[in-house]
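Every chain is numbered from 1 and lettered A, B, ... according to where its sequence line falls, protein lines coming before strand lines. As a basis for the values below, the full set of heavy atoms in this structure was taken, side chains included, without hydrogen atoms, waters or symmetry mates.
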Amino acid sequence: MSRTLPGISLPDPSELSWADLQLPSLGIPALPVPDLWGTPAQWAVLVPLLAALAGVTLSGRSNRLAAWIGVAGGLGTLAATVWQLYALALTPGARRTSGTLGALPLGELDAPLGLVVTWPLALIAVTVATVALVVQVYARWYLWYDPRYRTFAATVSLFTAAMLLTVHADDVLLLIVGWEVMGWCSFLLIGHHSTKNAARRAASKALLVTRTADIGFVLGLVILAGGAGTTSITRIVEHWSSSATVPGPSTGLVVAMLLVVVGVAGKSALFPFQDWLPDAMEGPTPASALIHAATMVAAGTVVLTHLFELLAVTDPARLLLAVLASVTVLGAALLAFAQGDLKRLLAWSTVSQVALMLAALAAATPATGPDAAAQHLVAHAWFKALLFLSVGWLGVLVGGTAMALVASGARRYRVLRRRLAWGLLGLAGVPPFVGFFSKELILGAAEVGALTTGGVASVIVLSSVGAAAPLTAAYCMRAWLVLDRRTDAEQLAATYHQGGVERIDDFFDEPVVLHEAEGLERAEAAISSSARLGTTVLMLMTLLGAAVALLPVWRSDVHLNLQLLLVTLLLMLVAAVAVALAARGVRTRDAGARVPANVSIAAERGLGADYAYRLLVATPVLALARAVAWFDAEVLDAWVRGGGAGAHLLGRAGDWLTPRRATPALALVLGAVLVLAGVGVVTR
Amino acid sequence: MRVEVQLASTLPVLAPLVAAVLVLVLDAALPGRRVLHLGVAAVGLAGGALAALPGLRLVAGDARTAFCLPTGECLHTADRLVSALQVTALLGALVVLVLAWREWAGGDGGGGVSGGGAGGDGGRAPVVVSLLLGATGGVAAVPAAGDLGTLLVSLELATLPTVALVALTHPRWAAERRARSVEGAVALLATSLVSFGLLAMGAALWVAATGTALLGAPTAREPVLLLLASVFVLAGLAFKISAVPFHAWTPITYTTAPLPVTAYLATVSKVAALGALVVLVRALGSVDDTTLLAVALLAALSMTVGNLVALVQTDTVRLLAWSTVAQAGWVLLPLASLSSRAASAAGSYLLVYVVATLLAFVVVLVVAQGGAGTSLEGQRGMLRARPLLALPLGLALLTLAGLPPAVAGLVAKVVALRPVVGDGTWWLAVVAAVNVAIGIAVYLRWFATLLSAPSTTGPGGTDAAGEARAGEEARHTPVAWWVLVAALTTLLVLGSVAPVGII
């Protein structure tokens, strides 16, 4: 795959092909790697699983041991996924498969339980492993004094194993196992502070909402597997693709894919399931970073990537996904802008960004492929993990993440400044950060889809993604303006030294410098060096990750429309300027303060989605359950109780009627013989 | 007419009978040697069981025969099912012998003065032992019967000695109790005599209908007559298996007889009854287009009445008596379909029933021996006080109820239901299903008594006293009984772990 470098022959500027931007492929030197037992995909799943088991069983009462196990497991997982990259580069066709437990004897259903890896999956796996490792390191600092840290570390390991299983699964059963284990782990992680009512409620809510949607997921996969007679995803895709011929996809495929999309919508917090994700902020910061950045919510994208060839030919499912994703992209971005808490702003931005990935899948056609979504998944993992961990750090320093508390945070604690700035730039999609490339790719794919065979789904996605870009820029700008507000000390200094006065004092007498140094000192003293290193890695990846997007391993047949690109950037700029103007005159420089109070409160409550869940789902279900319980207890059980009492009475009567002496016994015998003989003759 | 005699195949029947004769001869030669009699009896029973063992390895359609006529029909035919029934009967009798050992061997029951044993009781041991052996020989002969004569004679051989066993109680018993046991013996005797009359009448009708006394392959010249004959034979046999409404002697006799004899009546006697029924069913199965609604009616009635009445019993022996009635319904259930497979299903059910019932009787006997009596209340809280007894008893009860972890009982019930469902006799299947539920209630009621906390005001007195008593009992319980408990429990556990021992 050698390509000419851009610049040697300049292409038509209005139709820039992605292939022209991609880096040239380099020959990978064949290192003398010893023959290791198993394949990297197997190790990538096994190592975190073993770490989780070891964490639960071995760590005893020692936080230190639990941390070592967790971090070592994270390192091992990362090593396995990196080894996998190397192995994949040496594999012709860039596709490796391996088994797990061996095929299950399920009779007519063929269940090989295989694993598969291709370039997008391998890169996602590396990202997941890296984020998980950073989260482990960070949690070791963040939750060091937590009495349940050991459980937390083990759960994070298990969560990682489940996600990596989902990523690598080439079997519906493995997919469901990974998917469900993730669901339960998210319950544990969100409800980690189990003494808090809010945390318990959030955990149950996350579980119940995603579980409700899982009904669709499991049913859809069962239909797919049942129709194909196998649980191997590769063979399922082959089977249904060949059956989806000229007149369009079969009804079974349409129903199955619609159900799968519903399930994915639940896990990935698409409308109308979106409300569990912001509530999941009740979990500790590392858990939020893990759930939001690389694992749980992104799992839906991974699953649909596995099934992309079926999704692409099932227009009703694409349309449903496009509508749900578009509503979510825009709605969540608007809600993010109105949040009064930085962490909740990030949560809503996650909802919006994950919907963006799924929108990319809905818009993609077989010609463009699903790679744009996978790329955005990787990019999003870097900047969202960075933002969550940095905001968590900031929260520790200022005692909370409400907008009023974090105001000026990036100025008071200079060490956080670049981390927050880069994260927000990545989120907004400003070049040259990762978000820019993946978003442009999504736009490009949607445009290609809209112009060719993508149909109305691609058009919907194109318009919503286009509209979401300035909205994202707006809330990023809002957050940055608040974070970057001048500190009170700086404001005072500016007020009292309005130029003209030359001071030649000692450098360290300068109050601003002192303040800055103190902030740095406090910020660095608060965190462990390894956790800080973790955030640094993420920060660098926010920038260097762009290179991943340009690797020649992605599909390259997307054409970029430069005009569209420029218009998008311009719109983002306008939105940012508008936000900056709106923020003038607010004490905390918070443009969100311009939002009317009742709107702001409604947004913080997720527009009453929780109430709607209760009204539309919980209340009727509970009412039905009570009715059934009443029916069971009062009507059915009455029969059972009556049966019991009746049997007892009959028994007493029988006991009483039983002859106590031989003579009536003989009479009984003779009478019975007559009756039996009569019956025998009559029924003959 | 030449008759081929192959004594080797009749060894399971001959061994106990020879032992019985030997006991009587020995008693004449060396009077008063009770342990010797018992030893000879044990050897006879074990030898018979050993002789029947090779029959278990027969393939389907193959049989060990004796007394064969030139026409090819044999008066003694033991195939796999028959051999299994013989082994069950002989080993069951051995268990009963071990249970009765102390009472029959010990002179005065209390185990006190050994020298006083010779007086009064000296004559009982050889008599009861030979009666037991004779009855067991009859039981072993019944299922192998190939003609009506053999069937009738062996049935009477299996029945009449048990009457004497019920009546010949321990001389130390109170006069009132002995009188009651005679009453029980009379009930059994009267019922068996009437039944024998019915049986003889059935046999006569059978000969009239088919023209032969052989059961091999009846050609029905008179179908209605044959049916009538079968109904009478069935009615004659039903008393022995305690099917309602021929069951009335069961609770009377069970509660008055000595406990080992009750155990014998509840298990070994039932083998004879089923053996005879199997003979009848096999004979009828070869006649086309015959159904015996009577069997189905008896099965349904027995189950329902037995379970319902067992539900309200407060005495363990009475409960076991009614449980026998209910289980008789289950044994009869598959026979309603009159096929060879149904006979095997009934045999399997009986096997499981016999093992579980014997185990229950052994435990009840151990408890009763300790002075706690046979009331259900006396076993309250036994799981905590005497777990080594309560756990096997619980397993036996669960087996009878057909509840896991006693998978053996569950499998037996499924096996028994299969021919009925296969025939499409749905009303009977529904009755059986209802009875599964009532049966579970019956046995769980007992099980719950074992589980519940011991009552401080119960017959056991305070906990400390109960424990002291338990220790006392443990010392007085013969090792052989513990061996029985262990062996029967092992059988049930093995049957539950790998339920392949089903015939």
Check your understanding: What part of B/I438 is in contact with chain A, defined as an atom under 4.5 angstrom from a non-hydrogen atom: side chain, backbone, both or neither?
Key -> neither
Practice item. Let me know if B/L298 has heavy atoms under 4.5 Å from chain A in its side chain, its backbone, both or neither. Key: side chain
Practice item. Determine whether more than 12 heavy atoms belonging to other residues, nucleotides or ligands lie under 6.0 Å from atom CZ of A/R61. Key: no
Practice item. Before giving the answer on side chain to side chain contact (heavy atoms under 4.5 Å, CB included), spell out for A/R652 and B/L308 the whole-Å C-alpha distance, their side-chain angles and the decisive distance to 0.1 Å. Key: CA-CA 8 Å; A/R652 288 227 174 284; B/L308 281 177; over 6 Å; no
**Study point:** salt bridge (Lys or Arg N to Asp or Glu O under 4.0 Å) partners of residues 226-240 of chain B, not counting sequence neighbours, each pair once
**Key:** none
Exercise for review: Taking the side chain as every heavy atom from C-beta outward, state whether A/V669 and B/P245 have any atom pair closer than 4.5 Å.
Suggested key: no
Review point. Chain B contacts: which residues in residues 643-651 of chain A have a non-hydrogen atom closer than 4.5 Å to it?
Key: A/A647, A/H648, A/L650, A/G651
**Study point:** Atom group of A/L676 that falls short of 4.5 Å from chain B, counting heavy atoms
**Key:** both
**Study point:** Shortest non-hydrogen contact from B/A248 toward A/L668
**Key:** CB-CD2, 4.3 Å
Check your understanding: More than 12 heavy atoms of other residues, nucleotides or ligands under 6.0 Å from CD of B/E176: is that the case?
Key -> no
Point to revise | A/D655/B/R318 under side chain to side chain contact (heavy atoms under 4.5 Å, CB included): CA gap, chis, key distance, verdict | key: CA-CA 11 Å; A/D655 195 29; B/R318 271 188 90 82; 3.7 Å; yes
Review point. With respect to chain A, which residue among B/V244, B/N307, B/V312 yields the maximal number of heavy-atom pairs within a distance under 4.5 Å?
Key: B/V312
Exercise for review: Decide if atom CH2 of B/W426 counts as having more than 12 heavy atoms of other residues, nucleotides or ligands within a radius under 6.0 Å.
Suggested key: no
Practice item. Check whether B/V194 gets within reach of chain A through its side chain, its backbone, both or neither, counting any heavy atom under 4.5 Å. Key: side chain
Point to revise | pair A/V673-B/F232: side-chain heavy atoms closer than 4.5 Å | key: yes
